[in-house]
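Here the structure is a predicted model, which means the values were calculated and not measured. Scope of the values below: all heavy atoms of this structure, side chains included, with no hydrogens, waters or symmetry mates. Lettering follows sequence order; numbering is per chain, from 1.
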2 protein chains.
Amino acid sequence: MKAVRLLLADDEHLIRGALAALLGLEEDLVVVAEAASGPEALAMARAHRPDVAVLDLQMPGADGVSVATSLRSELPECRTMIVTSHARPGHLKRALAAGVRGFVPKTVSAQRLAEIIRTVHGGGRYVDPELAADAISAGDSPLTAREAEVLDLAADGAPVAEIAERASLSQGTVRNYLSSAASKLGAENRHAAVRLARARGWV
Amino acid sequence: MKAVRLLLADDEHLIRGALAALLGLEEDLVVVAEAASGPEALAMARAHRPDVAVLDLQMPGADGVSVATSLRSELPECRTMIVTSHARPGHLKRALAAGVRGFVPKTVSAQRLAEIIRTVHGGGRYVDPELAADAISAGDSPLTAREAEVLDLAADGAPVAEIAERASLSQGTVRNYLSSAASKLGAENRHAAVRLARARGWV
DNA sequence: CGCATCCGATGACAAATGTCATCAACACCG
DNA sequence: CGGTGTTGATGACATTTGTCATCGGATGCG
């Protein structure tokens, strides 16, 4: 039986290297490529055609989910999975929608990760139970597309005038969207709304 | 020559385990204890009295710097160093003030980390050059103690009334502090000020 | 001592924000 | 076709926030 060919993508060299070393110790796993950014991960995947791509969620350039989306169309036979430290409910949903087959927090052990890689390679799926429960209890985003967009533009504390300009909307419209978004989220103002939406991965 | 006894503290099992395995491969390094939280790190340090404590900056319970502070008084012969993914200028300053002798981002390789551990154990110091440059260019916090405190309470987007209550101050006083903090930071409003102060590690 | 600085507060005013009602265009669905 | 929901806008209004001047007390420093 041939070993499972892996692509590791994580911007932290320390973790990526350590992980590569540990997973390489497993008889049936071999790390064929490493990447430190989203675009690099894509390039390496094209060049080495791994069986499974293990992607960090937060990377420079493009996050794990968008890399997974690209891989799905470019290399359909390559299974993808996400490993992350800060997992939010919304991220899990987007990941699953992108065809990701494994979603695990970095708090698992390397042994466990190796097992999950095998599961995913075998065509199975694995989602961390706790993250799954969070995602279910958090529900879907009640925000419309524009509400989310405007809320995102408000994320850095910019005044309404600036948001309106960047979104090419009138200030009144922006205030309406922010107001409705905040009330949907049960927040006292837009800044608290931004925090809530962020915490749930809705922006 | 006896091996350097290490304590590893990081809440992410995956990284901690991988790191322990990699560093353990070095002839002159031995991991004698691991911890997944601030308090646990302290307890393990007391029990195993390591030569060098390698601490993650962000951990549940107590962050790396406060653990380092406690270690400094409890186990003065134990050198401490911080390893982190999201390093902000202010964190470096606080770490150095706490007697930390090494400060490195997680983007370094394991080889490099092993070298730095040896340097620190030998009584030397090491600070990542890029982080050091950031810290110098960012300068010191211009905020007074209360300004920083009030700004911190404003971090979650709470209205002034709530901040005033939590800080036991009048609303007018809170607004004054927020206003002066924002103007010192060159921010348009308090929310942008919070972001700026956060980015520099001043809160 | 005099001076500067920080803390804490008040009052007043201008500006930004939140809220609501209302309107119109458009798309989608049963 | 009518109903529903989204988008985008306007106007009016109350509330919140930002800004400034000013005050008093405390603390620290040359």
Point to revise | Distance-only polar pair, side chains of B:Thr173 and B:Ser170, donor-acceptor under 3.5 Å | key: yes
Exercise for review: Find the distance B:Ile163:CD1 to C:dA9:C1' and express it as a whole number of Å.
Suggested key: 17 Å
Check your understanding: Has the side chain of A:Arg101 got a donor or acceptor atom that lies under 3.5 Å from a matching backbone atom of A:Tyr126?
Key -> no
Practice item. Kindly say whether B:Gly102 contributes a backbone atom to a donor-acceptor pair with the side chain of B:Arg125 at under 3.5 angstrom? Key: no
Point to revise | Atom-pair distance (CZ on B:Arg190; C1' on C:dA16), nearest Å | key: 11 Å
Point to revise | A:Arg5 backbone acceptor or donor facing A:Asp51 side chain under 3.5 Å | key: yes
Check your understanding: Picking from C:dG8, D:dT19, D:dT7, which would you name as closest to the side chain of A:Thr144?
Key -> D:dT7
Point to revise | Rounded interatomic separation in angstrom, taking NE2 from B:His191 and P from D:dG18 | key: 6 Å
Study note, to complete from the structure: Out of D:dC20, C:dG8, D:dA9, minimum distance to the side chain of B:Asn176 belongs to D:dC20
Study note, to complete from the structure: To the nearest angstrom, the CZ-C1' distance between B:Arg146 and C:dA9 comes to 14 Å
Point to revise | Modelled atom types, side-chain donor and acceptor of A:Glu12 and B:Ser85, under 3.5 Å | key: yes
Check your understanding: Over how many whole Å does the gap from B:Glu165 atom CD to D:dT16 atom P extend?
Key -> 14 Å
Check your understanding: Would you say A:Ser179 reaches C:dT17's phosphate, i.e. side-chain N/O to OP1/OP2 under 4.0 Å?
Key -> no
Check your understanding: Looking at C:dC7, C:dG18, D:dG8, which one has an atom nearest to any side-chain atom of A:Arg175?
Key -> C:dG18
Check your understanding: So does B:Thr173 get a side-chain nitrogen or oxygen closer than 4.0 Å to the phosphate oxygens (OP1/OP2) of C:dT10?
Key -> no
Check your understanding: Ignoring hydrogens and geometry, is there a side-chain-to-backbone donor-acceptor pair from B:Glu162 to B:Pro159 under 3.5 Å?
Key -> no
**Study point:** Between the first and last five pairs of the helix from C:dC1-D:dG30 to C:dG30-D:dC1, the angle of the axes, rounded to 10 degrees
**Key:** 40°
Review point. Without hydrogens or angle criteria, can the side chains of B:Ser66 and B:Thr69 be said to hold a donor-acceptor pair below 3.5 Å?
Key: no
**Study point:** Integer-rounded Å distance: D:dT15 C1' and A:Asn189 CG
**Key:** 12 Å
Check your understanding: What's the CD-P distance between A:Gln171 and D:dG11, to the nearest Å?
Key -> 13 Å
Practice item. Rounded off to whole Å, could you give me the CG-to-P distance for the B:Leu178 and C:dA16 pair? Key: 18 Å
Exercise for review: Would you indicate what A:Ala145 reaches in the nucleic acid, counting non-hydrogen atoms under 4.0 angstrom: base, sugar-phosphate, or nothing?
Suggested key: sugar-phosphate
Study note, to complete from the structure: Note: for B:Glu147 and A:Ala158 on DNA chain C, the residue whose nearest nucleotide lies more 5' is B:Glu147
